[in-house]
Trainee: 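I have a structure I would like to understand better, so I am pasting it below and will then ask my questions one at a time.
What you see is a predicted model; the values in this text were computed from it and never measured. Lettering follows sequence order; numbering is per chain, from 1.
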Amino acid sequence: MMEKTYLDELNEPQRAAVTQTEGPVMIIAGAGSGKTRVLTYRIAHLIRSGVDPFNILSLTFTNKAAKEMRGRIETVVGNEARNLWMGTFHAVFAKILRIEAEKLGYPSNFTIYDTDDAKSLMKDLLREEGLDDKLYKPDVVLNRISAAKNNLYSWQEYQANVSFVSDDIASGRPKIGILFEKYVKRCFKASGMDFDDLLYNMHIVLSKFPEVLHKYQHKFKYILVDEFQDTNYAQYSILKKLAAAFENICVVGDDAQSIYAFRGANIQNILSFERDYPDLNVFKLEQNYRSTQTIVNAANSVIEKNQKQIKKQVWTSNGQGEKIQLLRALSDNEEGLMVANAIFETKVNKQWHNRDFAILYRTNAQSRSMEEALRKLNISYRIYGGLSFYKRKEIKDILAYFRLVINPHDEEALKRIINVPARGIGKTTIDKLIVTAAERDVSIWTLLEDPATNPAGFNAGTLTRLSEFITLIRSFQVKLKSVDAWELASHIASSTGLLRELYEDKTPEGLSRYENVQELLNGIREFTETGRSITPPGDEEPSQDPDQLRTLELFMQDIALLTDADDEAEKDDDVVSLMTIHAAKGLEFRAVHVVGLEENLFPSQMSLDSREDLEEERRLFYVAITRAESKLTISYANSRYRWGNLISCEPSRFLEEIAAEFIEEVGPRHVRKPLPFEDDRWDQRPALRTPRPAVSGQPKVNVTAKPVPGKLKKLSSTEVRSFVGSESSDIQSGMEVIHERFGRGKVLLVEGKSPDLKATVFFPGVGNKQLLLKFAKLQIVAS
DNA sequence: GGAGGCCTCGGAAGG
DNA sequence: CGAGGCCTCC
């Protein structure tokens with residue numbers, strides 16, 4: 001990569017954003033406008049212009065984004081990318097905090113508590129304080145604490161804040177301030193930082209120690225931030241501090257794609273940025289390279305309904321493309337079938353692959369009906385966002401051993417495995433340990449370690465078992481610095497009996513658990529042997545030394561903030577992707593199905609009380625639409641099962657917000673109409689492709705009018721059955737049939753043998769179609 | 001101390 | 001409906 005030819009690959013505003021290397025820069029990047037390309041080229045350009053990669057910090061929100069970006073930069077600038085600091089906010093700050101830990105009174109091997117650890121600790125605290133966990137739901141309390149930390153409030157400031165305190169009193173939870181204090185102290189005692197602490201403490205260390213601030217200000221002379229609209233106040237404040245010396249800070253974001261306000265992201269940061277840097281250069285990337293004109297314009301017509309937004313006009317020079325198809329189904333199951341059928345047909349008609357398709361939904365529960373339908377048509381798929389590798393019990397158990405060996409004060413790890421595998425240390429004993437340790441203000445480990453202290457008068461048997469446990473953990477600890485990660489990890493896995501216990505479980509689940517642990521151990525082996533590391537490198541990083549022993553401690557630091565296993569191989573699989581819209585952010589697919597466009601589902605019921613929340617839902621819809629490159633299909637059902645009950649649904653208000661010119665309705669027209677065989681009107685050419693101004697008002701009246709649960713349930717399921725279940729095997733040539741998409745047609749030929757009968761059908765206005773009878777679900781109208 | 005039945009409750013999700 | 005938490009019973 002010698003010359004700056006890469007600049008020729010950029011459009012005008014992109015190039016301007018890349019070459020304006022000095023001073024504060026904000027890039028407002030519309031959907032599909034080449035944001036990642038601009039970020040990577042900007043870094044490449046900095047390096048080409050003589051900036052030492054060592055002085056560049058690039059921050060992202062997800063490990064996935066960090067990894068992808070690093071890969072892309074390496075292809076542009078090669079090896080030099082090595083010294084770049086690139087990673088998630090949390091990973092980079094964790095790395096710095098390990099270096100600076102002692103200034104805050106933490107050991108550098110502090111544990112990072114995940115949300116499960118936090119929850120378990122909070123439950124203990126609630127019990128100790130004698131508080132009702134129905135009222136003080138751990139999640140509610142933790143959210144409150146999290147919000148405080150993300151806005152840089154200490155527990156002292158929280159307790160002194162009239163507004164916080166009166167809110168808590170009003171909500172009937174006056175003790176939250178106390179819980180905040182106890183939680184922070186207990187984490188500290190355990191040498192643990194939760195995710196929010198990584199931000200909060202980073203801010204503290206920069207604020208309280210001018211020499212630390214100076215050091216990192218001069219290290220990170222150039223700072224880049226991706227997904228800026230997702231930053232919270234703490235992150236913004238840290239960025240401002242770090243950038244204060246040189247003000248070479250470049251943030252990239254799109255206010256229209258801010259979908260994480262519910263967890264503290266603050267769009268205000270975009271406005272604050274303009275205010276805080278008066279000489280800010282703003283670039284707007286408005287040309288969309290991803291989608292058809294129809295899709296881009298439809299997305300614009302939706303997002304313009306939001307009051308709060310930064311003005312921009314996203315456009316594309318791509319072709320107009322097909323209209324957006326709107327499918328309406330009677331039930332969630334039928335919606336699944338329609339979506340699966342549509343995918344099947346598009347695959348056949350356009351010769352596309354499974355991997356070209358995505359099904360996006362608002363809630364995970366919606367995946368079930370999609371899965372069932374895809375399975376019926378034998379279409380391979382993958383669901384994203386299930387239980388991630390590192391959240392599995394067997395993985396967490398073994399990692400808890402590693403954590404405890406590295407940091408014996410890690411109370412959550414200790415509680416987790418002190419009786420796993422069962423060694424006769426039960427709940428009563430553990431409870432006594434927790435309470436006694438809290439009373440004496442020491443960690444459980446300190447309590448156990450001191451032989452002079454018989455904690456809470458345990459009997460001889462219990463004492464023996466406890467001391468055996470201590471001996472076991474100590475036997476691992478002494479190896480920590482002397483053997484490599486793989487050796488110690490496999491030693492722990494086998495000598496604790498964890499591996500044997502899983503091995504002996506021959507159920508399918510047990511087998512899979514055993515395999516998961518093996519997979520983890522393989523990962524550790526790879527780490528040990530190849531030294532491959534995921535987190536950002538740095539000058540102070542000991543693992544950079546090739547002679548450095550690859551210890552378990554280094555491995556744990558490497559994976560502490562990982563939430564998912566590496567899924568390199570998965571990209572090759574030809575599967576349809578199923579995921580929530582949140583999970584789809586940043587991705588693109590040739591064909592996208594957005595399903596479940598119903599009131600109270602999308603927009604979510606919980607968003608209807610405030611305009612802000614509704615606008616976030618609308619941005620979510622915008623994100624969903626803009627994932628599609630060339631074919632977008634949206635759908636809804638008139639009824640669906642929710643928590644075991646059949647409920648009726650109204651079409652989403654978002655459907656009306658797409659300008660009607662971009663939509664065509666396809667599919668069965670039996671909504672609020674008699675079924676085909678009951679009505680002569682179906683002899684006429686079906687209302688196919690009639691650009692009806694989508695779902696305007698009428699259905700609302702109709703659908704919700706009769707909320708008689710029993711009746712509704714029965715009626716609906718029969719209707720569905722009669723639609724889906726028509727016997728297609730006796731279809732013969734010469735028959736008149738109705739197809740859910742193509743309307744009425746005439747069967748010209750039936751060939752193949754059951755169950756793979758294939759019919760050639762002529763549909764007026766559409767042409768000849770080859771249809772597999774087992775999938776096409778043709779209705780026979782006349783012989 | 002552990003297994004199994006009963007009850008409750010349900011949002012999206014990064015690190 | 002289904003997962004996870006809690007309680008009871010052995």
Trainee: Quick one: closest heavy-atom pair of A:F89 and A:V225, and the distance?
Mentor: CZ-CG1, 3.8 Å
Trainee: To the nearest Å, give me how far apart CG (A:D132) and C1' (C:dC6) are.
Mentor: 14 Å
Trainee: It should be established whether A:N419 places a side-chain nitrogen or oxygen under 4.0 Å from OP1 or OP2 of nucleotide B:dG1.
Mentor: no
Trainee: Going by ring centres under 5.5 Å and near-parallel planes (under 30°), is A:W643 stacked on B:dG10?
Mentor: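 One would call A:W643 stacked on the B:dG10 base.
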Trainee: If every non-hydrogen atom of A:L520 is compared with every non-hydrogen atom of A:F402, which pair is closest and at what distance?
Mentor: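 Closest heavy-atom pair between A:L520 and A:F402: CD2-CE1, 4.5 Å.
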Trainee: Look at the side chain of A:T429 and decide which nucleotide, out of B:dG10, B:dA13, B:dG1, has an atom nearest to it.
Mentor: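 So the side chain of A:T429 is nearest to B:dG1.
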Trainee: Using the P atom as the reference point in each nucleotide, state the distance between C:dG4 and B:dA13 in Å, no decimals.
Mentor: 16 Å
Trainee: Could you tell me whether A:R186 and A:E411 make a salt bridge, using a distance below 4.0 angstrom between a side-chain N and a carboxylate O?
Mentor: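 Counted as a salt bridge, because a side-chain N and a carboxylate O are separated by less than 4.0 Å.
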Trainee: Counting any heavy atom closer than 4.0 Å, what does A:D139 reach on the DNA or RNA strands: base, sugar-phosphate only, or nothing?
Mentor: nothing
Trainee: Classify the nucleic acid contact of A:F61 as base, sugar-phosphate or nothing, counting any heavy atom under 4.0 Å across all strands shown.
Mentor: sugar-phosphate
Trainee: Do A:E617 side-chain and B:dG11 base share a donor-acceptor contact under 3.5 Å?
Mentor: yes
Trainee: To the nearest angstrom, how far is A:I383 atom CD1 from B:dA13 atom C1'?
Mentor: 17 Å
Trainee: Give the intermediate values and the outcome of salt bridge (Lys or Arg N to Asp or Glu O under 4.0 Å) for residues A:K391 and A:D116.
Mentor: CA-CA 9 Å; A:K391 287 216 165 113; A:D116 286 352; over 6 Å; no
Trainee: Grab the CE-P distance between A:M606 and B:dG10 for me, whole Å please.
Mentor: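 Taking atom P of B:dG10 as the reference, CE of A:M606 is at 8 Å.
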Trainee: When you measure from the side chain of A:F262, which nucleotide among C:dC6, B:dG1, B:dA12 comes out closest?
Mentor: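 Closest nucleotide to the A:F262 side chain: B:dA12.
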Trainee: With respect to the phosphate group of B:dG15, does any side-chain polar atom (N or O) of A:T115 fall under 4.0 Å of OP1 or OP2?
Mentor: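 For A:T115, the contact criterion (side-chain N or O under 4.0 Å from OP1 or OP2 of B:dG15) is not met.
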Trainee: If I take atom CD from residue A:E372 and atom CG from residue A:N333, how far apart are they, to the nearest 0.5 angstrom?
Mentor: 6.0 Å
Trainee: Can you check salt bridge (Lys or Arg N to Asp or Glu O under 4.0 Å) on A:K308 and A:E615, steps first, answer last?
Mentor: CA-CA 8 Å; A:K308 260 170 70 178; A:E615 294 206 345; over 6 Å; no
Trainee: Taking the six-membered ring for Trp and the single ring otherwise, decide whether the centroids of A:Y106 and A:F188 are under 6.0 Å apart.
Mentor: yes
Trainee: Return the stacking result for B:dA13 and A:Y260: yes when the ring centres lie under 5.5 Å apart and the planes under 30°, no otherwise.
Mentor: no
Trainee: Go through the N and O atoms of the side chain of A:R642 and the base of B:dG10, and report whether any donor-acceptor pair is under 3.5 Å.
Mentor: no
Trainee: Expected output is a numbered-order residue list: members of residues 358-367 of chain A with a heavy atom under 4.0 Å from any atom of DNA chain B. What is it?
Mentor: A:R362, A:T363, A:N364
